[in-house]
Amino acid sequence: MKAIRLASALLAASLLQGCGKQEALSPEQEQFKDAMRTFSERRYALAQKISKELDLPIPPQVHRFFQAAIAGDERGVIKQRKWFWNGTADPQKEALQTIAWSATHETCGVYDCVWEEWRKDAGLLKLFYEPILSVMPPGSIYFGGTDAGRFLITMMNEEQGSNVVCLTQNALCNAHYMDYLRLVYGERVWLPSEEEASQAFSQFFGEVQAGCHPRDDVDFSDGRVSVTGAPAVMVINAIIAQRIFDNNKDTHEFYIEESYVLKRMYPFLEPCGLIMRLTPDAKITGEVIAKDMAFWAKHIDLLEAQPGFASNPVARKSFAKLRCGIAGIYEYHKMYEQADTAYRQALRIDPTSAEATTRYSGMLKKQGKGKEGG
């Protein structure tokens, strides 16, 4: 018993000694940390520029957050970031509901994605961002959807000088985010004015009244119209995304990483590696299908060869979602054999994926087949 107590005491002492130390990083992880510092510097400078030009105050907590991020102080980042999301009432938080917040949010998103959700796994991170950035020529417009698809791609786009315009489809109907996009990208691409963006809301409400969308997430009471619920918000985002596409398609290539299913875009989508190309002349030819199937067969092998892949649920879910998005294109075009293969690959990547299970089961049900395809 004494020996056991002594061993326990020694273990506790060693743990206490290590509490103040951060874990050692591999060279690849250090490269990501350097990229995160550089990205944080750029976004801090942008937030300060917006603050000065528009006379918008930056709370002290935001200054401390950026200072910790630039210093690579993980614990300092976590400490300051908690204030953003802790739910407590604070007059200082009103300053976050402005155009300047997007620069802070993007930096938070990078730390959440790279350092927390993906567990600093440099190999998996590279297998995500490299194939996406490699298919987009400079000047392309990219709609990110998931956290990794938005924040990681935005950071590595700047780090590598890919010169892609990175937007997120999830926030296009947010007035502050659209103001931010006009400030950052307004000289490079067409973006809707405040009045033009509001027309998307009017179009959506007209479609609801015409029976094109469920009324569940729309409140017409008290002489006012309000939207509650992600599906309705995403329809509005899709309308705005379509207008950005229509007004830029002659001068820019478009790519999308699906967040929610945006069915109005399906006629214009083609598989393109991990993501999809958005083009007026979309054609799902035999060559496109063969290229897609070969890419994913190889990429899944690469993923499964990564030591951390099996134990990283966030990465598995993210890659499965990418394959689900492409499976949805095949299903839309009634290419059920290809859709079946893609959905099965998504479930191979992440057998626990609720999205892959639901969408695959729904397709089989439409075909009158059982869970395993007949």
Side-chain angles (χ1 to χ4, degrees), residues 143-149 168-170 204 207-208 210-218 227-239 241-242 255-278 282-286 288-293 295-297 299-300 303 313-374:
F143 292 112
T146 64
D147 284 353
T168 176
Q169 62 201 260
N170 298 344
F204 169 71
E207 291 178 1
V208 170
C212 300
H213 310 293
R215 299 173 67 98
D216 299 350
D217 295 331
V218 183
V227 177
T228 59
V233 170
M234 287 307 299
V235 173
I236 300 171
N237 286 332
I239 293 171
Q242 184 175 357
Y255 297 84
I256 185 167
E257 185 240 10
E258 186 177 82
S259 172
Y260 286 77
V261 175
L262 305 178
K263 289 187 177 179
R264 70 177 65 230
M265 290 186 175
Y266 272 2
F268 311 106
L269 294 175
E270 294 176 353
C272 189
L274 290 180
I275 55 175
M276 296 170 277
R277 185 180 177 217
L278 182 62
K283 294 181 179 64
I284 314 296
T285 64
V288 169
I289 294 169
K291 187 176 181 179
D292 173 63
M293 294 298 171
F295 171 86
W296 275 94
H299 208 69
I300 291 171
L303 290 172
V314 173
R316 297 186 72 155
K317 180 180 178 181
S318 298
F319 283 106
K321 182 170 182 59
L322 293 173
R323 196 53 175 149
C324 266
I326 295 171
I329 303 176
Y330 290 131
E331 183 180 351
Y332 171 83
H333 289 286
K334 295 183 170 58
M335 297 178 174
Y336 294 124
E337 180 181 349
Q338 291 79 13
D340 189 281
T341 299
Y343 280 131
R344 286 177 181 269
Q345 287 175 323
L347 288 167
R348 174 179 164 183
I349 294 168
D350 181 11
T352 68
S353 171
E355 179 176 0
T357 301
T358 301
R359 293 177 71 170
Y360 184 37
S361 299
M363 184 187 77
L364 294 176
K365 186 176 180 180
K366 284 193 299 185
Q367 295 177 276
K369 296 181 179 181
K371 186 176 181 181
E372 295 301 324

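Values below: all heavy atoms of this structure, side chains included; hydrogens, waters and symmetry mates excluded. Keep in mind that what you see is a predicted model, and the values were worked out from it rather than measured.
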Where [X] and [Y] come nearest, the two heavy atoms and their spacing:
{"X": "Y343", "Y": "A356", "answer": "CD2-O, 4.4 Å"}
{"X": "M363", "Y": "A339", "answer": "SD-CB, 3.5 Å"}
{"X": "E258", "Y": "Y266", "answer": "OE2-OH, 3.3 Å"}
{"X": "P271", "Y": "D292", "answer": "CB-OD1, 3.6 Å"}
{"X": "I289", "Y": "M335", "answer": "CD1-SD, 4.1 Å"}
{"X": "I284", "Y": "Y330", "answer": "CG2-CE2, 3.8 Å"}

Rounded to the nearest 0.5 Å, what separation is found between the [atom1] atom of [X] and the [atom2] atom of [Y]?
{"X": "R323", "Y": "S318", "atom1": "CZ", "atom2": "OG", "value": "16.0 Å"}
{"X": "F143", "Y": "N237", "atom1": "CZ", "atom2": "CG", "value": "10.0 Å"}
{"X": "K263", "Y": "L269", "atom1": "NZ", "atom2": "CG", "value": "13.5 Å"}
{"X": "Q345", "Y": "I300", "atom1": "CD", "atom2": "CD1", "value": "4.0 Å"}
{"X": "Q169", "Y": "Y260", "atom1": "CD", "atom2": "OH", "value": "10.5 Å"}

With the side chain counted from C-beta on, respond yes when [X] and [Y] share a heavy-atom pair under 4.5 Å apart, and no when they do not.
{"X": "I329", "Y": "E270", "result": "no"}
{"X": "F319", "Y": "L274", "result": "yes"}
{"X": "W296", "Y": "I349", "result": "yes"}
{"X": "P351", "Y": "R316", "result": "yes"}
{"X": "P267", "Y": "Y332", "result": "yes"}
{"X": "T358", "Y": "E355", "result": "no"}
{"X": "L364", "Y": "Q367", "result": "yes"}

Would the distance check show the side chain of [X] and the main-chain N or O of [Y] forming a donor-acceptor pair, the cut-off being under 3.5 Å?
{"X": "Q338", "Y": "A327", "result": "no"}
{"X": "K321", "Y": "S259", "result": "yes"}
{"X": "E257", "Y": "T146", "result": "yes"}

Give a yes or no on whether a salt bridge exists between E331 and K366, defined as a side-chain N under 4.0 angstrom from a carboxylate O.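 Here E331 pairs with K366 in a salt bridge, since their nearest N and O are under 4.0 Å apart.
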
